[in-house]
Structures are given as C-alpha cells and as structure tokens.
A.B. asks: 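Below you will find the structure I want to go over with you.
So that the names make sense, note that chain A is the first sequence line, chain B the second, and so on, each numbered from 1. When reading the values below, keep in mind they use all heavy atoms of this one structure, side chains included, and skip hydrogens, waters and symmetry mates.
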Amino acid sequence: MTTTTETPAPPRNRAPFPVHRHAALIALIALILFNVFTTPRFLTLATLNINLTQTATVVIVGIGMTFVIATRGIDLSVGSLMAISGAIAPLLFLNPTLGPNIGTVLAFVLPIAATGLLGAFNGLLVTRFAVQPIIATLVLFIAGRGVAQVISGGQLVNFTQSGFTALGSAKLLGIGAQVFIMLALLAVAVFVLARTLFGRQVIAVGGNPEAARLSGVPVNRTRMLVYVISGLLAGLAGLITIAINSSSDSNLVGQNIELDAIAAVAVGGTALNGGRVTMIGTLLGALFIQLLRYTLLVKGVPDAAATVIKAAVIIGAVALQYRRR
Amino acid sequence: TGGLPKLPVKATYRVCFNQSEMDNPWRLAQTASMQDEAKKLGWTLIFTNANGSAAKQVSDVRSCIAQKVDAIFLTPREEKPLTPVVLEAKKAGIPMFIIDRNVDDTVVKAGTDYVTFIGSDFYAEGKRAAEWMVKKTGGKAKIIELLGSTGSSPAIDRQKGFEDYVAKYPGIQIIAAQTGNFTRDEGRKVMETLIQAHPEATAVYAHNDEMALGAITALEAAGRKPGKDIMLVSIDGQKSALQAIIDGKLGATVECNPRFGVKAFQTMKDYAAKKPIAGRLINQDRFFDVANAKAMLNTAF
Amino acid sequence: MSQPTFVQSTASPLLHMSNVDKAFAGVHALKNAELRVGPGEVHALIGQNGAGKSTLLKVLTGVYRRDAGQIQFAGEDVNFTSPPQAQRAGIATIYQEVNLVRLQTVAENVMLGHEPRRFGFIDRARMENRAREVLGGMGLDLDVKRPLADFSLAVQQMVAIARALALDARLVVMDEPTSSLDDQEVERLFGVIRRLQAQGVAVIFVSHRLDELYAVCSHITVMRDGRTVHQGPLAELSKLRLVSVMLGRGEQELVQQGQTGFQRVAVKKPAGQPLLEAHDLRRPPHLRGVSLGVMEGEVMGLAGLLGSGRSETARAIFGAEPGGGELRLNGRAVNWRSPQAAIRDGLAFCGEDRKQDGIVPEWSVRENLTLALLPHLTRAGVVDRAEQRRVVERFIGRLNVRCSSPEQPIRELSGGNQQKVLLARWLCTSPKLLILDEPTRGIDVGAKAEIQSLISELAGEGLGVLMISSDLEELLEGCHRVTVLRDGASVQTLEQTELSEAALLAAMAHGTDPLTDPSTLSDHEAPAHRSAP
Amino acid sequence: MTALPTTRTRPNPLHLLQGQGALIALLALLLFASLRYDGFFSLYNASSFFRYNSMFLLIGIGMTFVIVTGGIDLSVGSVAAMSSVLAALASPHGAVAGLLAGLLGGLAVGLINGLLITRLRIEPFIITLGTFLGARGVAQLASGQAAVSVDSTGRFAQLGQGDVLGLPIPLLLLLLTLLIFVPLLRATRFGRTALAVGDNEDAARLMGLQVDRTKLGVYALSGLLAGLAGVILAAQFGAGQPTEGVGWELTAIAGVVVGGTLLSGGRGSLLGTMVGVTLLGLVFNVLNFENGKGVISIDVFWQNVIRGVFLLVVVLLQSRSARRGPSS
Ligand SMILES: Nc1ncnc2c1ncn2[C@@H]1O[C@H](COP(=O)(O)OP(=O)(O)OP(=O)(O)O)[C@@H](O)[C@H]1O
Ligand SMILES: Nc1ncnc2c1ncn2[C@@H]1O[C@H](COP(=O)(O)OP(=O)(O)OP(=O)(O)O)[C@@H](O)[C@H]1O
Ligand SMILES: [Mg+2]
Ligand SMILES: [Mg+2]
C-alpha cells in the first residue's frame, strides 16, 4: 500500500557563481584589464582622475535616477533641470549687490532648491494627476530648457569666480572635488536605500505599489520624494558642470544626460520595472560606460564606429544580467 | 523656367529668418544681429528655430511660404535637404537669401533659384588657421585636432582646409582627431583624454573657439601650459577667445563673423532696387592674434 | 522511493507522466513525480501547499521545462515547450491564479487565440455568440461585451473555466478552480465537469477541499514533497486515510483533531468592549449601508454571496477606499483616509488577492514579512536589522512557513506559504483588530487548521478579528457572531446561539442570483482602474 | 429583493466626448488658428503640414503597436535616419530599390529589437536605447558622415515631393498604412494578442497565446514604419540624413499617450495617436503663424516653454478624462 516515506530535506545544491548579479563589475574589470595591457600610461593617477571626474555628474544624476526608477518611474527632465540650476547660479554669484561671499553661498543653495521644487512638480504630476512618469517629466524636459534659456537670455555666461569654480577645479590627492562629492552622496544613497525606512519603502513601491499602499506605505509621498531627490541632485550636477567649464551655457548644460544616467542605471543592474535596485551598480554602470568611451577615444576609433560599438557593448553588459528562465 | 521672383520697393517688409539651431554663442549672435537690424528698420521678422533638424527647418520655411512673406532668409542646417524648399519658395514667388551655410549648388543656382549666398568660406578658414600654425611652429608639430559636429559642413571644410595645407609640411603630423561637437564641455572632456593618451602633442587645432576654450581648461588641469608648451589655434573670433589670446593661452583665432543683419537686409534692399547682386557674397573676415586682440576685443561678438 | 501503490488497469492512459524531476535553483520541487490519467476520467490531484501540484501541471503544459522524466499524451511521447503547444495538442488549462486579460471583454477572454475568423479578420458577432454559448452551457448569462475587469473574481474564475471549455480539449486541467467560488458556483462547476466526463473528456482537478474531490473525482493522485505518494481510485480511500497519506502522518494522530482548527467553543464569547463599530458604511454602487461591530477578543464573521460587498466593506473600513458612514474605534469616532492611518490606530488587513495586493514578488520572505512593521523597526529612520531578523524568525516558526531561508524570494514559495507570510506580516504588528479576507483560500488542510487555530488563539488574547470567508464551515466553527451582507448592505447579524448553516444560507441567499444578474455585478471602478497608476 | 441601480453606461452624448481631450483640443486649436491667421487653411499649408508630419504619424502608428504590448521603442528616430541614408544610397537603382532599402533597413532593426527583447527577456527600454545608438552609428558609417543625395533623375524623390490627385504622396502612404493597420489592431488575432500581452503578459502566455511572436511582430512593424518614415525623409528632402530624427521617439511617444493609449499597455487607439501627433505638430505651425502676425513676437526660448506647457495642458485634460471616462 502507500509507502509513507520520511521526507529527506531537499538537497540544496549551491547555485553557481551568480554572473548576472555582478555583470557590471565583471564588464568593468574586463575593460580595465584590456586597457592595462593595451593602453600606454593607463595605470596612472591622471587616468583615474579623468575618468572619475568625467563620470561624477552622471553618477550624481544617476543616484537620483536610481531612486526614481526604483519606484518604476523615470525622470527625463534631469538635463533641463541641470541647465536651470546652471542658469540661476551665475545670476547670484556675479550679482554685484549681493557681494561675492553671500552671492556664492546663495549660488550653492538657491539653484538646488529651485530644481528640488521642479522635482516636486514632476512628483505632483505623477502622484496627484496620475500622469505616466515618462510623459510627466517630458513636460519639463521640453519646457525646462526653455526656462533655462529664458533665465540666461540664451547667452553663454563666462566667469572666473574662484569661490564658486572651486566646485569644479579644487583637487585633493590629485583627484577632483566633484569625485569626493559623488562618493559621499553615493555612500549616503547606499545607506538610505539599504537601511532606512524610506529606502525600503521606495523599493516596496516599485515592487508592488498596491501591496505597499495596503501595508501602510505612504506611496504618494514616497514617489513625490524620489522626484524631489532627483531634482536636487540634478541641480547639484548642473552647478558642478558650469563650475568645471567656468561658463554656463543653458543650451547645452546637461544635454542627453538622462540617457547616460538611465543607461548607467540599467547596465548597473537595476530593473526598470521595479523590484531590483542597486546603487553601487549605478556607479559601476556609469564607470563602465565612461571607460568604454575613454577606450574608444584613446584608440582613435572614429565617432560613428564608436557609437555602434558602444551600443553593442551596452546591450551585451545588460544581457549578462538576465538569466534565461 | 523663369528668373528670380520680383521684389517691390516698400517702406517696410515682412520677412522670415529660418535659423537652424540656437545652441551656441555664434548662432545666438547671428540671430540677435538679424533681429536687431529688423527692429531698426521697423520690419516684421518671423523667426523660426529648427532645433538642429533639417526636416523641421524645411517645414518652417514652408510655413513662411504659406504666410506669403516678402522674402526668406535661410541659414541652412544642411546643404542637400534644404535644396527642394528653395525651389518651392521660388515657385511661390518669394525671393530667398541663403546665409552662412550653402545649399547644394549642383541643383539650385544663385541668381536663378535664389538671390545670393552670403557667408564665410569655411575651407579658407581652415587654411588660414593652418598657415598660422605652420608659421608659429616652424613647420614642426604634433597636432591634436578637435573636430566640429560630425557631418556638418563647417566641420568638413575646416578639416579639409587645414589638412590640405599642412599636408605640404612633413614635419607636421596630426596625431589624433576626434569630435568635440563644437561645445566647450565636450571639447574639454575629449582633450582631457587625448592629452593623456598623447602627451607628445605640441599643438591643438579646434574647429571653433568654444572647443578651444574647453581644451585650455583640460590642458591646464593636465599640467600643461597652453600658449607656451602647446600652441592652440581656432576659428570664430568670439570675445572670450580674444580674451584668451590676451591672456596668452590661445594663439590665434580666425574670424567667422556671425553679424549678418546689416549686410543681409542691405542686400535685400539692393535687390528690390534692382541693383545687380553677385551670386556669392563672401564676408571679409579678420584674423586675431596677440598683435591685435586687445584692440579688437570690443568689436568681437 | 515512492512506488505507485496501485497499478491502474486502464490499458492505455490518456496522460502518463513518469519520473518527472524539476528543480528551481537547485531546490527540488518535483522528484520522480508520476501522474496517470485515463480517458474520460476525473482525476483528483492533491497535496499540501508546496507539494508540487502546480509545478507538475506547469511541466505538463510546457510553462516549465522538466529536468528529467517522460510524458505520454494520447499514446505519444510529447515534450511541450510552451503553453500554445499543449493547447494545440488538446490540453486546456485553468491555472491556479486567474490568468486572463482584464481590459478585454469577456468574449475575447473566452475566445482569444482561437477566434472565428473571416478573411483573416475576427468575426466579432460569431465570437460573441460562441462565448455566450459556452457560458450559457455553464448556466451563466453575462454581457460578453463588457470588459472582464467589470466582474468579480468569481465570475472571472468562471470565465477562465469557460475559456478552457471553448477549446474543445481532450484533457482539461483545473488547478484550484474552486478557491474563489462559493457553494452555488462550485455546484455549477461540478455540473460542467460531469458533462465533460460524459463527453469523454478527462479532467485533472486540484483542490484543497476534500469534500469536493469526493463529489466529482473518480481517481486520485496524492503528492508530498514533490513525489507521488499514492495513486488509485478515490472510492477506495477514506478521507482520513487520504489526509494521512497527504500529510505523511499516522491516522491516530489525526483522529484527535477536529474538522477545522478553531477552538471557539473553548473560548466563551468575550464580554469585552466594542472594539470597532461601523454604522451605515456607504460607497456606491457597491456599499449601500453596512453596519457591524467587533468586540475585543471576538471573531466576527462576514458572510454573503459573491459580490455581496464583503471585500468592499473591509477595504472601506481599512481606509483603502474610504467611503461615507460612521466608524468608531474603542468608542472614538475615526475617519481613516488611508491604510496608513488605519494601521497607525491598530488595524490590520490581509486581502483576498495575494498576487495583486499582497506580495512584493522580488522581495525575500524577510522583507515581505516585515513590510507593515517597518516603521516600528526603525530608529531615527534606520531599520534595526537585528530586531527585524528576530521578528522574522519568530513568525516563520510560529506559522510554520516552508521556505529554504528567510532570504528566499517570496515568489518562489507555494501559494499557501505566501499566504502565511502575509498573515505574519500583519500579526507581527500586534494589531488590535485584524481583518481577514478569505484567509484560508487555497490553503491545504494542514496549514488551514494551523491558521485557524492561530486565529482562535489570537482572539483569546484579546484581538478582535473580522473574518470574511466563503467557507460556511469555517464561519460556523470559527466565529462568535456573523454579519450577513446582501447586495452591499448588511441584512442581519447572527448571534452565536443562532448560528447554523440553515440560518446563514437563508440570510445570504435571499434574492437574486448575483452571478447571472449583471446589474448586481456591474461596476465601473473595477480593480483594474483602481490599481492602474 | 432590492434591485441595484444599474451602473451601466448609457450612450450619452457627453460620454462620447470624454476621453477625447486631445480631439477637443485639436478642434479648438484648428478653429482658433483658422479664424486668426490668413493662409492657415490654405491647401499649401495643409499639404505641407502633412508632408512633414506624415513621418511622425507613421512612426506613431508603429509606436502604438509597441506601446499596447506594454513595450516602448526608443530607436525609431535613429532608424528613420538610417533608413533615409540606405534609401538614398539605393535610389540610383530606382524608386522601388530606394523604397525597399529603407523599409528593409527599418525592418532589420525592428527584428533585432524584437529578437533581443523576446530572447534575452531584457526590458524594451534598454534594448531600444541600445539600437537607438547603434542605428545612428550605422547611419553615419553608411553615409560617410554626411548627407547623401538621392538620385534626382529617377522617380524616387516623388515619394516625398510628389502629389497624386492633389494630395501629397506621403499623406497617401499614411492613409494606406492606416487602412491596413487599423483593422490589424482591431480585428485580427495579431492585434488582439498584442493588446492581451500588454494587459497581462504572464496571463497571455498561459492562455496559450503567441506572446513572443506577437512581440517580435510589433517591433518589426515599428521598425518597418520607421523605415518608411526614413524613405519619406530621404525622398522629401532629397537626401539621406544621418543626423536627422533626433527626439522623434519622444514626439511619437507623447503623441501616442496624448491620443489616449495607455502607456502601461492593454488599450490603445491608432486614430487617437493620429490626433495626438497632429496636435503636437500643429503647435509648431501655429507658433510660426503667430510670429507672422507681428503682434507679439514670441521669443525663441519662450517657444520651448510654451510647447512644454501645452503638452502639460493636453496631458492633464487627457488624464482627468481618462479617469472619469467609460471603461471600454
Ligand atoms: N518559480 C519558482 N521558483 C522557485 N521555486 C518554485 C517556483 N515555483 C514553485 N517553486 C517551489 O516548488 C515547490 C512546489 O510548488 P507548487 O506551486 O507546485 O506547489 P502546490 O502543490 O501547487 O502548492 P499550493 O497548494 O500552495 O498551490 C514549492 O516548494 C515552491 O516553493
Ligand atoms: N477592489 C475592488 N474595487 C472595486 N470594485 C470591486 C473590488 N472588489 C470587488 N469589486 C466589485 O464590488 C462588488 C462587491 O464585491 P466584493 O469583492 O466586495 O464582494 P465579496 O462579497 O467580497 O465577493 P468576492 O468573494 O468576490 O470577493 C462586486 O461587484 C465586485 O465586482
Ligand atoms: Mg498550486
Ligand atoms: Mg471578496
């Protein structure tokens, strides 16, 4: 009759090395090794500095983007917000009535506050008016650059205000200041996402919004906040960009950065439809894309071919993360 | 098929200016010059901005044709795509003036399809930059070239003008050429990388001033001394570039004057008055270097 | 090793799956599983939550690829790699969670993929007629042109069944088709199954309700831990023996336990304070005057037919869809506009649709379990990991959740175990009032008894419980009182002394049949719209 | 027994307008413009409007198919550019060769998108972001980084510049496409499956629908139509343009959404997309005419602001009516 068998504990084979979870890291290491062996003068402080400084703004914007994407959103307006903060700042630190000191301090505070507010506007559209994020932020993507141009009269503003430009030119141990800002923000973001109530709620909202709501997560407030964070960080990135160049060009500051940031987030391993989020991944993704660009430049690959190679490599790096079911 | 459309002599006109893009100081100066002059004359200027799209620019021109303006000033985004609409304007009886970049003159002809072309000679600009470079370096240099936007006619012609000239000097070598898209930010980023990969470089040729200014930032950050151990030449002649010459960082810049307003509208008035108009009006551009930069500073855009 | 205990006499079975293995990330879900179904047979497939029933069926239909084993269907070796292949071969499947497309009409849901066509274009009129015909054959008269989302979960389940019927299959697989149906609809379904049987179509029927198996099935396969532990005619197997085989425990051990796990009789009706009072809750068109009260330490039942507004009542109280009416908690008037507010005041709500409203699929058991408690595990905004781990371990143990570790993603758990984690999510917040919407839907007998006894235990400790259930037995044995809803209004509250099956049915069933009267089901703010961003 | 008030929607004239925020806005804008500007309602303006906007409308059709499956196709602008180059290169071999080259180029990228998305199961956003870059690179490589003239002796240019029965050929191509694609979405198994996939992909899979094949199909269609847009681009402007098509994907997506298609998938309307894309294109046209009035000269930079605000207004109109509107 029925054999009533004792149930052996299901054998737990150890899963093989999870390549998909470290795809960005593996890709980055591979690219570094490639350069170590083929690019002269690659292992220098200068190389490190160039690549880190050039990635800083993308990573800073990417941190905000990661928060937004974690809630299943997307923020196309970041580039325009950078232009707005970049357009406001010179009005403050070049303003003779404010004086250089007050002006400089205000130039750090007000533009970022303004873009934070615009982030809140994005959030409002997404939460109150239930507009899909890609469209909600498309509004400021278009209008925001116009606003920046109106603020600056479309003119390129040149300046040499050392207090402010230090943001772009100061160095510590041979590494630019913006790199340290980036690393500090990243550390905070990693902590927030992994360890704080807000961070967990962000991920819950992305994982299953209705379940989150019924479990007492303030879904709308959470989504609102991620857009504000994204706005604030874009504002800061805008300031860094103009500080490095000692000039503010509202037509160009932040152009196409949303694509770079989204690509970094995706290559890093964050899922665009919620549930899987990694902040470090965003850093690795951004570094990978930057190093790829560096490599193609150093190797003298012409622009057109470089674009094709970049596309293929990015898709390949993302594909590594997806296991077949 | 008949000649050019007629233009009556009037006190004021309604004219279109179809700009191709508005994303750099040069374009801004060009637009401002057209708008200021129209205001001074008391004319109505319909301004359109194609945001860098040739197709949209065609559609902009067409909306001007639909409004039956008196004349159209077109600064074509690209040569070929804007050619068909030149014929459409002619068919609608609206005289057209081409500014800055040209249209494809194998298909449409100045004097029969459009009135005239007013602008600079990009090839000559590249050549003038090369002449200075050869003279300054004594015919021995390793050059990094910062190209303009891929595929744009100034980038193509400025590259060709320069490279054709230096080809005659075996001591001059172009060791890297990459695009900086005519912008300061990209010019800087590309130069940061290139100077690190090619520390042996002794000179830089940038297709416009913005990229040259970005390159200066990058070179200084890399510990080089622009103007001393590395020579730079560029094109455009904007005020901040002249300032860089005065500061000893930029070697020279070839002017490419964006101030078309006076000349463009004067040409139109001449055309209405039936004066003969040449098919090609080339600007007399200046050349700025340490000798004249200070004096010319206030005349630059 | 488990040997089939009974070799079927049928010479050539319609379906024969043998030695099937399937592992997910190294964990075996199926090991040497076997399933043998004769033509025209109604075959019960039973086992505890996580025993591997759904997995076995998904291997059959090509949703999952098996690691080893053979499948013969209609005398041929088959290897379906995708559901369409199985469908074409004549296997129609109703999967465990309702899997239909909610924005499209009922007719389309029934006919998608095999619509009647004319010159390559879908012939809408014929398609709708065919859908109406199939539904009519099940005794349902629905407006087939309305989007599926307009109908309740029960109707959706019936539509899923209709879809399977419309395929004219030789084998219909039903994975827990009755879990969201009430007695009336279950009867209807049985009628359908018997007709299929008469037509020579075989049926595989999965259910945790043993009575249902005995009502329609002729043969049975019992699974435990991914293995087939018994197969044979059902009539030969007593209920007690069946449960004993399924759980792998001795029969004596089981005799001592009752039908459900409730111990209501042991705990006298509490003389506690009224904890929650609701008066005249309204949220047209679904709620049109619901009044009820829950005492401390009381299990209050909420009964009604499908679509009578029970879930809606729960959601209104919890602030998920706030409506009009008065609410008092401990005598104090409250007006929760969001679940967050209700939770802060000590409420908890475990909803009926765990896939849509419950789990965060990518998250681990640990994170899912503590989602609602998170604000309390937080110091200065930072989550206290150690405390979190302690809570998780305690509740995994207490509810006997089967998972490989607290870090296993919840989507990998079987349905019943997911439900336990969700229950734990709320219990760990130590609520004052726990609202449970169909807490034991889709839960095996063992786990069901565990959950039920847990509910009793908690009520004994002073927790107020408001329990929605379609299982009359559960209501009768588990509740101190039961409020009955009909058409969105409360019609009667039965005291403990008045509780009987007859009394409940009488209160619930008066009036129209809600399934066939479209007006009672009509609904414009259907769930699809609510949850769409 | 209490009878519940039936909540069924009765056909109500007001209901017909609900969910039609974009259509109302379009009609209002047309009325306003035709009263205010001379020459706005001229045949010339109308036909040149459609000559240009037919490209976006075509892309919008493909995008609608992609979006109803819950996907997105960011590559369309680059694909159009690439196809314009391919068409121009092939045009010396005849109009048909040019047309085919453009179409096949677009189809190829669409197939690559579809294959990568269904095989690797990567989000469409990422894959098409990749081909957005890739197709642009191919366009530049194939063109030698400069515009490529189309053959001016053959009939190829007619595809963009010609008229038949007084209607611009691009518009006719668009109408022809609609004639095929509207029934394709509404009344074929492919179309219904596409909607089902967007509604609930897992369910569609378990229902035995051909999910992967359908997804492959919609991306192929989107690529094909972007290719057709590229052919029109080359023919109309006499040149294949490797740098053209920047931002077209966003225009198309905005038009699709403004037209009432759910970005999350499962519900969509091609005619709505036509209204949406037309509306967004009309804003440029109207702004140009307004400047021509010479009453107020709208500063260039304000034009961007106005466009953004206009999009905002239409989207808000649409989102409010969508929430109130009937559920079918
Ligand atoms: N996609 C998956 N990934 C990992 N593990 C899985 C997956 N699907 C099922 N499992 C595991 O396989 C085992 C069998 O699950 P299955 O869903 O088949 O159980 P079941 O018998 O249908 O249970 P229930 O009665 O609760 O529906 C469980 O331990 C479950 O955790
Ligand atoms: N979450 C919801 N949002 C909006 N309407 C709903 C929701 N759930 C159910 N409905 C609709 O409200 C009416 C009442 O349904 P409700 O779910 O409250 O009844 P129920 O008695 O709980 O039945 P069931 O057993 O199906 O859950 C039904 O017509 C149903 O279609
Ligand atoms: Mg199951
Ligand atoms: Mg319910």
A.B. asks: Report which part of C/Glu362 has an atom under 4.5 Å of a heavy atom belonging to chain A: side chain, backbone, both, or neither.
C.D. replies: side chain

A.B. asks: Under 4.5 Å between any side-chain heavy atoms of A/Arg200 and C/Trp363, yes or no?
C.D. replies: yes

A.B. asks: Looking only at non-hydrogen atoms, find the nearest pair between A/Leu214 and C/Asp357 and report the distance.
C.D. replies: CD1-CB, 3.6 Å

A.B. asks: Check this for me: does any side-chain nitrogen of one of A/Glu210 and C/Arg315 sit under 4.0 Å from a carboxylate oxygen of the other?
C.D. replies: yes

A.B. asks: Over all heavy atoms of both residues, which pair between C/Gly358 and A/Ala211 is shortest? Give the atoms and the distance, please.
C.D. replies: O-CB, 3.0 Å

A.B. asks: Ring pair (Phe, Tyr, Trp, His ring centres under 6.0 Å) with A/Phe108: which residues, sequence neighbours excluded?
C.D. replies: A/Phe164

A.B. asks: Any donor and acceptor pair, going by atom type alone, linking the side chain of A/Arg213 with main-chain N or O of C/Pro339 inside 3.5 Å?
C.D. replies: no

A.B. asks: Relative to chain A, which segment of C/Tyr64 carries a heavy atom at a distance below 4.5 Å: side chain, backbone, both, or neither?
C.D. replies: neither

A.B. asks: Quick check: under 4.5 Å, non-hydrogen atoms only, which of residues 421-434 of chain C neighbour chain A?
C.D. replies: C/Arg425, C/Trp426

A.B. asks: Supply the atom-to-atom distance A/Ser215 OG to C/Leu373 CG, rounded to the nearest 0.5 angstrom.
C.D. replies: 11.0 Å

A.B. asks: Sequence neighbours excluded and cut-off under 3.5 Å, please list the side-chain donor-acceptor pairs for residues 374-386 of chain C, or say none.
C.D. replies:
unit_1	atom_1	unit_2	atom_2	d
C/Thr378	OG1	C/Leu374	O	2.5
C/Arg379	NH2	C/Asp384	OD2	3.0
C/Asp384	OD1	C/Ala386	N	3.2
C/Asp384	OD1	C/Glu387	N	3.2

A.B. asks: Taking all non-hydrogen atoms of both residues, which atom of A/Gly207 and which atom of C/Pro361 are closest, and how far apart?
C.D. replies: O-CD, 3.7 Å

A.B. asks: Working to the nearest 0.5 angstrom, can you tell me the gap between A/Asn220 CG and C/Gln340 CD?
C.D. replies: 10.5 Å

A.B. asks: Which residues pass the side chain to side chain donor-acceptor pair (under 3.5 Å) test with A/Thr115, not counting sequence neighbours?
C.D. replies: none

A.B. asks: Please give me the minimum heavy-atom distance between C/Leu371 and A/Ala204, naming the atom from each residue.
C.D. replies: CD1-CB, 3.8 Å

